[in-house]
Amino acid sequence: MRFILSILLIFLFLKFSFCQNKVLIIGVDGCRSDALEKAFTPHLDSLRENGIYSLTSWQLGKTKSGPGWSSMLTGVWDFKHNVSNNRFLNNNFENYPFLPNYLKRLDASKTSALVVGWKGLFKISKNRGWDKCIKGKNDNDCHSQIKKLLKDADFDLYMVHFNDVDHAGHTTGFELDNEKYISAIEKVDQKIGELLKIIKNRPNGKNENWLILSSTDHGGIGKHHSGNSIEERKVWWIASSSQLQKMEINAADPGSYFYEGMPIDSSIINFYPSIVDVTATAINHLYPELGNNAFKDWGLDGKSWLNFQPDNSNYFFTESTTNFKTQHSKYVNNNCTVEITFKNLKK
Ligand SMILES: [Zn+2]
C-alpha cells in the first residue's frame, strides 16, 4: 500500500513539475453576490464546484470601480493604494504596484495580458507592467480579444474585465427582480463558458495547469453604488483549479476600512477570501515556492488560498452529511463568524 502511495505521489509530483502554470482572472464589474446566485450561470457554477468560493466575500473598501479594481490588482486595501475615485487620482501605485510588476520582479520573462472593458481601468493599466493591454469596446469585443489571446498567444497570466453587468445595473437597476440585470450576468457566464472550452483545447493544454480566479469590484443598489449597504459590499470570489480543495466559505460582515462607524472585526478577515487575495493567489500559482510570509513582506494585505487548511485552533468540526454525490464537512471558527464547508467527491 505504502509502495503504491509513493508511486502515486511521484507521479503527481512529475505531472505538476513538468506542467506550465497559468492564470486567468475574470473580472465581472458590478455583480451582486445574490444576483449571481439568482442568475443561471452554469459555467461560473462549474468553477465554484471545482475549487474554493465564497458568496460573502465582503468588499472592505469603497464600493466604487476605481478603488475596487485597484484592491484586486495591487493586493492591498484602499488605505494603502489610496484610490478613492474612478480617475485613480493620488494613487500610491509607486509603493503598491499592479500584479504584473511582481511577476516581472520575480522573473523578467514572465508575461501577462489584460483585456479591459472600462476606459478608466485601461488608461491606468497602460505602462504598468502588462505585456499586452487591450481596451475592448464592449463585452463582445473584450470576449473576442481575450479568446484570440488564449488561442493564439502564450502568456503566463491573462485577465479579462467585463463591464456590461455594471452598465446594466446603472441603466436599469442593480436589483434581483430586474431581468435585464440578471440577463447581463447570464450573458457573461456564456462568454466564460467559451473561454473555458478554449483553455481545455489549447494546443499544449495537457501540459498546462490553470488557476482561474473570478470576482467583482462591488455590488449595487437602485441604479448606483459607492455606498456602504450590504447590497453594495457583499460580493463573491472564486478560485478554481484541480489542485484546490473543494470548499465553500461563509463569513459574517466584518465591517469596512472605508466607511465610518463600521470598525473592522479582524477575527473574520483572515478566514475568508476577498478581492485583495486575487493578486497573492495568482502570484502563488505561478511561484508555488512562495508562501504568505513573502506577500506579507511585500506589504500585501491579501493572502494566497492555494495551500489553505483550516487550523484546529481556529475551527472546530460541527457536522458531516453525505448525499449521493458529495460529502459535506462543516467547520466553524471559534467566534462562529466564519464557516467552511468542505465538499469531498465520493469515490
Ligand atoms: Zn465597478
Side-chain angles (χ1 to χ4, degrees), residues 25-36 39 41 44 55 57-78 81-89 91 93 98-99 114-125 128 133 135-139 141-143 146 159-176 178 180-185 187-189 191-192 213-238 256-259 274-279:
I25 302 171
I26 303 167
V28 185
D29 206 302
C31 183
R32 270 169 65 154
S33 195
D34 50 3
L36 176 70
T41 53
L44 279 163
L55 296 172
S57 169
W58 300 92
Q59 154 62 299
L60 303 183
K62 191 173 184 182
T63 58
K64 218 171 162 58
S65 301
W69 295 114
S70 297
S71 296
M72 192 182 292
L73 288 169
T74 60
V76 299
W77 291 112
D78 307 28
H81 61 61
N82 210 33
V83 174
S84 61
N85 53 53
N86 283 350
R87 288 191 290 158
F88 300 87
L89 296 174
N91 69 66
F93 297 150
F98 278 12
L99 162 56
L114 171 69
V115 176
V116 53
W118 173 40
K119 197 167 69 184
L121 185 58
F122 170 72
K123 273 187 177 169
I124 200 72
S125 300
R128 288 195 191 275
C133 186
K135 162 79 179 71
K137 290 185 203 89
N138 49 38
D139 276 10
D141 191 32
C142 285
H143 191 219
I146 190 74
M159 175 168 175
V160 59
H161 162 273
F162 291 118
N163 205 32
D164 285 1
V165 172
D166 185 66
H167 183 68
H170 283 296
T171 50
T172 63
F174 292 86
E175 303 294 347
L176 291 189
N178 174 10
K180 286 183 179 152
Y181 182 57
I182 299 296
S183 146
I185 297 170
K187 279 183 189 146
V188 168
D189 186 71
K191 291 180 169 64
I192 291 171
L213 293 157
S214 190
S215 189
T216 185
D217 53 340
H218 52 74
I221 189 163
K223 289 184 180 171
H224 305 282
H225 56 81
S226 75
N228 63 0
S229 69
I230 286 179
E231 289 83 354
E232 291 158 286
R233 291 187 303 107
K234 192 165 113 178
V235 293
W236 49 275
W237 195 97
I238 301 170
S256 169
Y257 285 120
F258 182 80
Y259 299 104
S274 58
I275 48 175
V276 292
D277 298 347
V278 167
T279 285

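Predicted, not measured: the structure shown is a model, and the values here were computed from it. In each ligand, atom 1 is the first atom listed, and ligand 1 is the first ligand listed. One-based numbering along the sequence shown.
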Heteroatom of Asp217 nearest to the Zn ion (ligand 1) (N, O or S, atom name): OD2
Proximity of Phe88 and Trp118 rings by center, below 6.0 Å: yes
The Zn ion (ligand 1) - closest N/O/S atom in Asp29: OD1
N/O/S atom of Ser65 inside 2.8 Å of the Zn ion (ligand 1), strictly under: yes
Parallel, tilted or perpendicular, as decided by the 30° and 60° cut-offs, for the rings of Phe93 and His81: tilted
Heteroatom N/O/S of His225 within less than 2.8 Å of the Zn ion (ligand 1): no
His218 and Phe174 aromatic ring geometry - parallel, tilted or perpendicular at 30°/60° bounds: perpendicular
His170, NE2: over 12 other non-hydrogen atoms inside 6.0 angstrom: yes
